[in-house]
2 protein chains.
Amino acid sequence: MEISVSQENYLKAIYKLASREGVASNQAIASVLESTPASVTNMLRKLTEMGWIDYEAYRGATLTAAGNKRALELVRKHRLWEVFLVEKLQYDWDAVHPLAEELEHIGGEELVNRLDAFLGHPQYDPHGDPIPDSEGNIRKRQHVMAASELNVGQDFAVCGVRDSSSLFLQHLDRLGIELGKRYALTERLEFDRSMVWQAESGQTTTVSQEVASNVLIQRVK
Amino acid sequence: MEISVSQENYLKAIYKLASREGVASNQAIASVLESTPASVTNMLRKLTEMGWIDYEAYRGATLTAAGNKRALELVRKHRLWEVFLVEKLQYDWDAVHPLAEELEHIGGEELVNRLDAFLGHPQYDPHGDPIPDSEGNIRKRQHVMAASELNVGQDFAVCGVRDSSSLFLQHLDRLGIELGKRYALTERLEFDRSMVWQAESGQTTTVSQEVASNVLIQRVK
DNA sequence: GTCTGTTTTTAGTCGAGACTAAATATTTAG
DNA sequence: CTAAATATTTAGTCTCGACTAAAAACAGAC
């Protein structure tokens with residue numbers, strides 16, 4: 001039985017929610033998919049019959065091995081297409097998500113593997129999220145934390161974002177913050193806990209607590 | 001009112017049929033879409049309401065200006081994705097059609113124009129079909145004819161195919177026939193009207209009438 | 001243990017887009 | 001000009017995925 005676009009989106013939603021908070025409620029799945037709990041119940045039943053998930057009424061859903069593989073393949077496709085759109089088609093990093101959302105449902109393993117090779121087997125997507133390999137292995141990065149957890153005096157490099165909404169990414173653009181850029185945390189302001197970051201060029205940027213908690217970094221040296 | 005994938009496929013079908021044989025019958029549209037005449041009737045009504053086509057019962061359908069623009073955009077997207085798949089992802093020319101069929105429905109003008117630029121504004125797709133520009137202008141090639149119409153002694157270059165089914169394209173691969181390759185027609189065999197083509201390398205290939213009538217060429221020199 | 005509030009499921013509908021079978025309209029042959 | 005053949009439309013269903021409103025199950029407070 002061939003899986004539909006809509007069903008693939010359920011798998012992705014369950015994958016995301018299950019990795020974060022154990023098992024997902026229908027409510028939660030519905031809100032991710034901008035749907036209703038009633039619709040979710042029906043689809044979870046169908047996905048169970050099809051062998052993609054295990055699901056018991058009132059117990060929540062978990063992906064089967066097949067479902068997990070499929071979800072990872074979708075994540076892989078999504079992130080590789082994002083790399084393509086940014087690197088090859090020169091899209092801004094805040095504009096690629098909706099297109100990747102469509103592209104990820106096209107073709108099968110053959111296409112995604114060719115795309116991967118064409119792009120030179122990239123490790124991370126334009127938002128710093130790791131790209132699963134063809135076996136579904138996802139490299140977990142060590143020592144990644146939110147910028148908000150830093151202490152004054154520490155050096156760090158920006159390596160990802162927690163919020164990849166267009167609004168947030170555009171805000172980072174305005175602040176001149178981009179992946180790979182290095183800073184030193186020179187000051188933490190008492191008043192609102194905002195931070196002063198000094199780039200290698202010497203330029204400083206003031207970053208609110210709200211922004212810092214959505215920027216992922218790695219300490220350097 | 002946003003157009004659906006299915007509706008876009010109707011526009012493409014009408015575009016193809018109308019350019020070939022004036023106005024299309026429901027029967028014809030149904031067979032292109034592997035559907036039934038009854039289904040076609042309903043959809044044609046809807047497309048008329050939406051302003052994509054003009055349609056009168058028993059009179060057939062024609063694209064409106066908007067419909068024509070949309071159909072050309074689809075053809076453009078399809079052919080550009082085929083170029084991408086062959087040139088960048090190294091797909092064989094006989095394998096790209098089904099993928100392009102899916103990709104062509106993704107994104108809008110922005111995406112297709114960026115893809116076009118990335119590919120270097122190619123003029124023809126991997127099967128030799130011309131790619132409409134962003135205004136929907138389609139370069140009509142002069143002096144293109146079927147190889148079957150040649151006379152003995154003429155020199156020519158292969159520039160396209162009439163049948164782009166996987167089966168036919170694989171057959172051409174086996175015969176060593178590819179786009180851009182030059183030949184001289186050295187002989188026409190009495191028995192079954194098959195042709196002998198001599199490549200620049202001196203190698204000769206015997207080509208059946210059936211094959212020759214599906215290969216498009218331009219005379220050279 | 002029972003009551004109250006939340007969450008989930010049932011039941012019944014809806015729209016899109018397809019299908020079959022039957023009824024009409026159109027064209028063609030005689 | 002009429003009869004037969006062909007093409008199109010109507011009428012009625014089906015499946016997929018969604019929805020709302022109402023019923024049922026569960027969890028936490030007392």
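Chain letters run A, B, ... following the sequence lines, proteins first, then strands; residues in each count from 1.
The interatomic distance linking B/Leu47 (CG) with C/dA18 (P) rounds to 10 Å, in whole Å. We find that CZ of A/Arg59 is positioned 13 Å from P of C/dT8, with the value rounded to whole Å. At whole-Å resolution of the value, CG in A/Leu11 and C1' in D/dG17 are 15 Å apart. Rounded to whole angstrom, the span from the CZ atom of B/Arg45 across to the P atom of C/dA16 amounts to 15 Å. Here D/dA7 presents its P atom at 15 Å from CG of B/Leu17, a figure rounded to the nearest Å. Look at CD on B/Gln27: it is 13 Å from C1' on D/dA5, rounded to the nearest Å. Rounded to an integer number of Å, the gap from B/Glu2 CD to C/dG17 P is 12 Å. Per the geometry, CD1 belonging to A/Ile29 stands 14 Å off P belonging to C/dT7, to the nearest Å.
Under 4.0 angstrom from either OP1 or OP2 of D/dT8 there lies no side-chain N or O belonging to B/Tyr55. OP1 and OP2 of D/dC16 both lie 4.0 Å or more from every side-chain N or O belonging to A/Gln7. Regarding contacts with the backbone of C/dG15, every side-chain N or O of B/Lys46 stays at 4.0 angstrom or more from both OP1 and OP2. For B/Ser6, a side-chain nitrogen or oxygen approaches OP1 or OP2 of C/dA18 to under 4.0 Å.
Between A/Asp116 and A/Arg76 there is a salt bridge, with a side-chain nitrogen of the basic residue lying less than 4.0 Å from a carboxylate oxygen of the acidic one.
Here the side chains of A/Lys12 and A/Leu33 are not in contact, with every heavy-atom distance at 4.5 Å or above.
Using modelled atom types and a 3.5 Å distance limit, the side chains of A/Asp173 and A/Trp93 yield a donor-acceptor pair.
Residue contacts for B/Glu56: at a heavy-atom cut-off of 4.0 Å it reaches no nucleic acid atom on any strand shown.
A/His97 has its ring centre less than 6.0 Å from the ring centre of A/His78. Checked against the 6.0 Å centroid criterion, the rings of B/Phe84 and B/Tyr91 do not qualify as a close aromatic pair.
Distance alone, capped at 3.5 Å, is enough to place a donor-acceptor pair between the A/Gln7 side chain and the A/Ser4 backbone.
Each of A/Met43 and B/Leu44 lies near DNA chain D, and the nucleotide nearest B/Leu44 is the one positioned closer to the 5' end.
Applying the ring-ring contact (aromatic ring centres under 6.0 Å, His included) test to A/Trp52 and every residue at least two apart in sequence or in another chain returns nothing.
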Summarise how protein sits on nucleotides 19-25 of chain D as a single string, 5' to 3': B when a protein heavy atom is under 4.0 Å from the base, S for sugar-phosphate-only contact, - for no contact.
BB---BS
